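Excluded from the calculations below are hydrogen atoms, water molecules and symmetry mates; all remaining heavy atoms, backbone and side chain alike, are included. Proteins get letters first, then strands, A, B, ... in listed order; numbering begins at 1 in each. No experiment lies behind these values; they were computed from the predicted model shown.
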Amino acid sequence: MSRYSAAEIEAKWQAAWDTSGTFRAAHRPGQKKYYVLEMFPYPSGRIHMGHVRNYTMGDVVARYKKARGFNVLHPMGWDAFGMPAENAAMQSGGHPAQWTRANIAEMKAQMRPMGWSLDWSREFATCDEDYYGQQQALFLDMLEAGLVYRKAAVVNWDPVDMTVLANEQVIDGKGWRSGAEVERRELVQWFFRISDYSEELLSALDGLEDWPAKVRLMQANWIGKSRGLQMGFALTAPLAGHETIEVYTTRPDTLMGASFLGISPDHPLARALEGDRADVAAFCAQARHGATTAEALETGEKLGFDTGLRVAHPLKPGETLPVWIANFILVDYGTGAIFGCPAHDQRDFEFASKYGLPIPPVFVAEGTDEAPLREAYVPPKEQPVRYIRGFAGEAVQTGEAAVAAAIAECEKRGIGKGVTRFRLRDWGLSRQRYWGCPIPVVHCPACGVVAEKKENLPVRLPDDVTFDQPGNPLDRHPTWKHCTCPDCGGAARRETDTMDTFVDSSWYYARFTSPHAEVPVAQDEAAYWMNVDQYIGGIEHAILHLLYSRFFARAMIRTGHLPATCAEPFAALFTQGMVTHEIYRTRDAQGRPVYHFPEDVADGRLKATGEAVEVVPSAKMSKSKKNVVDPVNIVAQYGADTARWFVLSDSPPERDVEWTASGAEAAHRHLARVWRLADEAAQAGDGTGPGDADLIRAMHRTIEDVTLGIESFGFNAAIARLYAFTGTLAKSDAGGAARKAALRTLAQLMAPMTPHLAEEIWHLLGGLGLVAEAPWPVADAAMLARDEVTLPIQVNGKRRGEITVPRDLGTTDIEALVLADDAVQRALAGAAPKKLIVVPGRIVNVVV
RNA sequence: GCCGGUGUGGCGGAAUGGUAGACGCAGCGGAUUCAAAAUCCGCCGGGGCAACCCCCCGUAAGAGUUCGAGUCUCUUCACCGGCACCA
């Protein structure tokens, strides 16, 4: 009799899997494949519980699918480019490559003891020359296909990271990583033409049935499709080459309610006026400044400036509207100009009220008459309203119908055309950083922008760079950027921008199918392994990473790098919840919060001083709050199986799970109990016992439930069933043979979650080979059916008793038994039941 | 503001329209032990009752559909997430 020793068991079985190459994926054309992928990590140097949960979920799927006979691909790599490596170099010297490589080594050393069934032979880092070189090849092909272009653009400039950010990387006006207030600058930048795919990226969402509806909705909102009318308003007096002002509207049905025309301070006409008139320039400067401050955004005050210009109303001959410059109009949405319809748009209403402009209603609620408005009347588009200033369609119609009618009418009259617009903008990928994939082009004074030749790839990052000053080290490198033009051979300058790191993660899933290929993706491998059957990661990537990847897959199809079937690279997506922990806080002499690590706290007091701590409700583990538990410590204390078991139990995978010391303790206690049961069974004989049939029946029930649980991502429910079965096993008076069979099955069912313990038990009780390679147990349908069923008896829908009857007893017989039941007799009190409902095999309800 | 989601014991959470609270944590009682650790067994939503018989209440609140509602419909409230001068 010995004790459960995770440390011994886990090292042993990890070595066994390695030796037998259990998790090495090989292309086997005859076998059905299954590709499981978890979002690869940034090599920060430490794994955290979030990684443990994410990768354990993927591992459960991978191991389960393998047992079900699939040829499983379950790779791992590193999202290795990016700012933190450069920041580290700036702060403490050293080189980003060195820092990154060391982190990868350290993190891998923490990951391997977790026992995840990863094919490490496919490992790569995005900072490998091999990887980014192929990425450059992809880029060149995309450039040739017209999917990449350069333009001058007002960009979001992060003054702390000294780099450009994509719109998506600006959160509340601040850089997503640095948190610094973002500035606007005009720079020539590289862009991916993701907007070419707006319609397709939107409509294809419908086909992603195994994605969370939430994620699909978030992407649809992000793409932001709208249907409207684009039309020109003619200036009464042309100015600086402007004869008309183009306006986009989604509510052309409200055209008769227009009371002014508004343009953005950045609109070309405003800029033209700015040059001539100091008052306009002053206003525009104020409006631009105001729009970026947090205060202006919160108060949302509408500022306007009447230019004195006027435009003709296209539907009202002889009538004109004033042209205002307004701070709330965005230059880069629509045409940067609007017509204001204050009666039916709250912003326009506020604006018109402030500046005394008319507010004529276009429609009123059915059954009401025109009356002065105190706020804009904006009913849902599908609600019918009565048009009092309509010009197309019925007098009473829905907004939707009116918009369609208005577009048709305007097109007929030649005063505009229906257009579809998207909020999604092109993806700016230029970054003025060192630690990223160099953009493989050359600027030649004679030939212009020239693509690097593929045989010259990769364009390597130079090693000898310094980080002692802000800005782009590539740009100030003494020699790197000086090169010859691939076309004319003359002196030229290399592009010093590198790619946004989201590019790296937009195709890594495809590279895993052929990580060492001489081309970005080997077609036969991609054809076999793609698409990812199950992708697992955090909800925080719902928009950016997933949208970019969907675009990249399409771009790779267009450039011949992926088969046409790979447009949606992630067939199923699962977004897992976070790992949270209570926060322990005390206050220092100044009343500032001081946080404490969980291991320094016991029974609500600091171990060191005995001072009582304040317990703040659970939140995402974060270093700054010190509410973190290091997986390395947990593995050292309890073993990987305990950590794996615990992060899967307690909460449904999509929800947050709270890490508690007592929960981890309980998980470990349970695994030790299972081990003990196996150890006892191993020493028992092979005899029979009175509980054999019951135990085997319970075993089949458990196989069924656990299988369904895993299939449906109900890992917590599967684990609950395993707990229950362990309890049954412990109490069972079955003989040795049945106990051993039950425990071998238990080992198999636990193997996806606690693979090391499972191997140990499997081996101990005479299982053949590795449990990791054994086929999944199948529940015997005959064993699931009971000979007798217990039917609850309800009286008026409330449970009052139960009867146990043979499974196939007829309804009339059941009715007779029910009416004879004591509780029913009591409820009836001599009267006859109004109704008797028998749901065979389920329940009986007596209505009195 | 708009869109979406979630509300179940002290806590995390179970429950194809069919016995609400599986399983785990915490708590309580007991066995074992000289004692402890470890382990094992039992109890564990609220109220009534001498009572583990039984009765009443109970899944955020209110209404509805149904023989039967945590589950479906409507209204309200709270919390969480996403988007947000997007014309």
Sugar-phosphate, base or nothing in reach of A:Leu217, heavy atoms under 4.0 Å: sugar-phosphate
Phosphate-side-chain proximity, A:Tyr333 and B:rA87, N/O vs OP1/OP2 below 4.0 Å: yes
Sugar-phosphate, base or nothing in reach of A:Thr249, heavy atoms under 4.0 Å: sugar-phosphate
A:Ile329 side-chain proximity, nearest of B:rG81, B:rA26, B:rA87: B:rA87
Within 45° cone of A:Phe328 ring axis and under 6.0 Å: A:Lys302 NZ or CZ: yes
Residue pairs involving residues 335-346 of chain A (criterion salt bridge (Lys or Arg N to Asp or Glu O under 4.0 Å); sequence neighbours excluded): A:Asp345-A:Arg347
N/O donor-acceptor pair under 3.5 Å between A:Ser651 side chain and A:Asp656 backbone: yes
Side-chain donor/acceptor of A:Arg842 to base of B:rU19, under 3.5 Å: no
Sugar-phosphate, base or nothing in reach of A:Tyr723, heavy atoms under 4.0 Å: sugar-phosphate
Residue met sooner reading RNA chain B from 5', once A:Ile338 and A:Arg673 are mapped to nucleotides: A:Arg673
Side-chain donor or acceptor of A:Tyr355 paired with backbone N/O of A:Gly304 under 3.5 Å: yes
Salt bridge (Lys or Arg N to Asp or Glu O under 4.0 Å) partners of residues 831-848 of chain A, not counting sequence neighbours, each pair once: none
Under 3.5 Å: donor-acceptor pair, side chain of A:Asp705, backbone of A:Arg721: no
Sugar-phosphate only, base, or nothing, as touched by A:Asp345 at under 4.0 Å among non-hydrogen atoms: nothing
Whether A:Arg3 side chain and A:Ala672 backbone form a donor-acceptor pair below 3.5 Å: no
For nucleotides 6-9 of chain B, list the nitrogen or oxygen atoms of the protein found under 3.5 Å from its nitrogen or oxygen atoms, one pair per line.
none

Touch class at under 4.0 angstrom, heavy-atom based, for A:Leu791 against every strand present: nothing
Passing option when A:Phe574 is tested against A:Phe715, A:Phe713, A:Trp211 for ring pair (Phe, Tyr, Trp, His ring centres under 6.0 Å): A:Phe713
Salt bridge (Lys or Arg N to Asp or Glu O under 4.0 Å) partners of residues 247-256 of chain A, not counting sequence neighbours, each pair once: A:Arg251-A:Asp253
Ring centres under 6.0 angstrom apart (A:Phe725, A:Tyr723): no
Check: B:rC67 base within 3.5 Å donor-acceptor of A:Lys834 side chain: no
Euclidean distance, atom CD1 of residue A:Ile325 to atom P of B:rA87 [Å, nearest integer]: 22 Å
5' priority, RNA chain B, between A:Thr335 and A:Lys214 [closest heavy atom]: A:Lys214
Sugar-phosphate, base or nothing in reach of A:Val839, heavy atoms under 4.0 Å: base
Interface with RNA chain B, restricted to residues 704-720 of chain A and to heavy atoms under 4.0 Å: A:Asn716, A:Ala720
Separation of atom CD1 in A:Ile814 from atom P in B:rC67, rounded to whole Å: 21 Å
base_contact_polar (B:rA22 base, A:Arg721 side chain, donor-acceptor, <3.5 Å): no
Contact letters for nucleotides 54-64 of chain B, in which S counts primed atoms plus P, OP1 and OP2 and B counts the base, heavy atoms under 4.0 Å: -SSS-------
Complement of B:rC74, any strand, by Watson-Crick or G-U distances under 3.5 angstrom: B:rG62
Nucleotide B:rA87, atom P - distance to CZ of A:Phe339 in whole Å: 12 Å
Conformer about C1'-N of B:rG9 - syn within 90° of 0, anti elsewhere: syn
Any A:Lys835 side-chain nitrogen or oxygen under 4.0 Å from OP1 or OP2 of B:rC67: yes
Any donor-acceptor N/O pair, A:Gln576 side chain to A:Pro653 backbone, under 3.5 Å: no
Whole angstrom value for the distance that separates C1' of B:rG82 from CG of A:Leu546: 14 Å
Atom-to-atom span, CD of A:Glu802 to P of B:rU19 - whole angstrom: 12 Å
Separation of B:rA69 C1' from A:Asn796 CG (nearest whole Å): 15 Å
Integer-rounded Å distance: B:rC85 P and A:His267 NE2: 19 Å
Ring-ring centroid check A:His344 A:Phe363, cutoff 6.0 Å: yes
Sugar-phosphate only, base, or nothing, as touched by A:Lys731 at under 4.0 Å among non-hydrogen atoms: sugar-phosphate
Geometric class of the A:Phe233/A:Phe339 ring pair [parallel <30°, tilted 30-60°, perpendicular >60°]: tilted
Touch class at under 4.0 angstrom, heavy-atom based, for A:Glu658 against every strand present: nothing
